[in-house]
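Lettering of chains follows the sequences in order, A, B, ..., and the numbering in each one begins at 1. The figures that follow rest on heavy atoms only: side chains count, while hydrogens, waters and symmetry mates do not.
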Amino acid sequence: AAVPAPQASCKHLCHRHQLFINFRDRGWHKWIIDPKGFMANYCHGDCPFSLTTSLNSSNYAFLQALMHAADPDVPQAVCIPTRLSPISMLYQDNDDNVILRHYEDMVVDECGCG
Amino acid sequence: FQFPRYVFLQFLGLDKVPSPQKLQPVPSILKKVLQDREVAAATGASPDLCYVRELGVRGNVLRLLPDQGFFLYPKKRPHASSCLQKVLYFNLSAIKEQGQVTMARLSLDLGPSSYSHLGPELELALSLVQEPRGWGRSTPRPGKVLALQSVPWPQGVLNFNLLEVAADWTRNPQKNSGLFLEILVKEDRDSRESSQLEDPCARLRRSLHASLLLVTLDPEQCRPSWKRR
């Protein structure tokens with residue numbers, strides 16, 4: 001039987017949203033030397049079955065969306081990061097050591113349904 | 001809703017929120033590495049985060065440790081040419097990850113012109129502090145010599161490779177008794193009275209600045225790359 005496609009407007013579809021994390025807002029600028037903040041971004045939006053193939057989805061997301069349509073107890077595919085990139089942070093610890101460390105997967109570059 | 005601060009601190013490898021009185025100066029090498037990474041991120045390049053290209057070593061954490069040592073003022077000058085003695089101490093306890101030290105570079109900045117009046121040449125001796133052999137001995141003494149170097153004229157920052165020493169200290173923290181630095185003045189005794197040395201040596205004491213640049217590799221985050229046959 002044909003599965004009815006849920007209505008979803010474009011702006012509610014899964015995509016990347018801008019999110020800037022400002023260290024000053026949290027008072028962390030007193031010990032984080034650089035950067036002052038970074039564009040972390042986040043993923044949010046619907047993953048309707050009808051569009052899972054076009055929303056940068058995994059094959060599994062497609063199957064999960066299909067199963068959700070057939071059985072609502074199976075959760076819907078969700079909007080998640082599909083490509084992340086690192087940042088480097090320079091900060092000072094309690095022993096006055098200046099530390100430069102690289103952190104993987106800190107910035108969301110792309111989103112998709114998974 | 002309170003953001004669980006400890007989660008972020010744990011993520012950074014810290015126990016509590018640092019509250020520095022003032023931010024330490026950032027050495028140019030750390031700035032350079034940071035800038036290069038920012039440029040790479042902006043251009044979409046994906047550099048190897050476990051290799052510090054600027055230093056030519058593997059590693060994913062760079063630390064600049066300030067010297068927490070102290071000057072020694074022996075009642076009797078050990079040699080006529082002795083200018084200053086200092087214990088250099090670097091607290092490595094902050095290194096909590098089971099990291100492998102891949103680089104340890106001691107930098108000694110004698111100051112731009114602090115000893116230009118001293119005369120022809122300085123001699124610098126760097127040793128391990130002799131480990132205490134008994135209770136009650138408080139005066140540190142030089143042990144195994146790590147470097148002997150002549151410094152004929154002011155030449156900026158002097159660097160020493162301390163990889164083996166630092167690796168040993170991180171594995172066995174109890175062995176870290178510090179380093180013994182002695183600066184000697186190669187003087188012409190006929191032309192120079194020892195009392196004349198006092199003032200320039202005092203200037204040298206004020207301007208001397210030591211730091212240890214340490215690069216570590218966290219095997220959890222940096223797995224060895226598979227080699228193709």
Assess whether disulfide (SG to SG under 2.5 Å) is satisfied between A:C111 and A:C79, documenting all intermediate values. CA-CA 7 Å; A:C111 300; A:C79 185; 5.0 Å; no
Take B:R58 and B:D48 through the test salt bridge (charged side-chain N to carboxylate O under 4.0 Å, His left out) and record every step on the way to the result. CA-CA 9 Å; B:R58 286 195 42 83; B:D48 181 358; 3.7 Å; yes
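Taking the six-membered ring where the residue is Trp, A:F38 and A:F23 present tilted rings, their angle falling between 30° and 60°.
Using a 4.5 Å cut-off between heavy atoms, B:Q68 touches chain A through its side chain atoms alone. With a 4.5 Å cut-off on non-hydrogen atoms, B:K16 touches chain A through its backbone and its side chain both. Neither the backbone nor the side chain of A:S85 comes within less than 4.5 Å of any heavy atom of chain B. For chain B, no part of A:M39 is nearby; none of its heavy atoms comes within less than 4.5 Å. Proximity to chain A (any heavy atom under 4.5 Å) is restricted, for B:L14, to the side chain, taken from C-beta onward.
For chain B, the option among A:I32, A:D93, A:D109 with the highest count of heavy-atom pairs below 4.5 Å is A:D93. Of the listed residues (B:Q24, B:K31, B:K22, B:E38), the one with the most heavy-atom contacts under 4.5 Å to chain A is B:Q24.
In this structure, a donor-acceptor pair under 3.5 Å is present between the side chains of B:S82 and B:E182.
The line from CD of B:Q130 to CZ of B:R141 is 7.0 Å long, rounded to the nearest 0.5 Å.
Not less than 2.5 angstrom separates the SG atom of A:C47 from that of A:C14.
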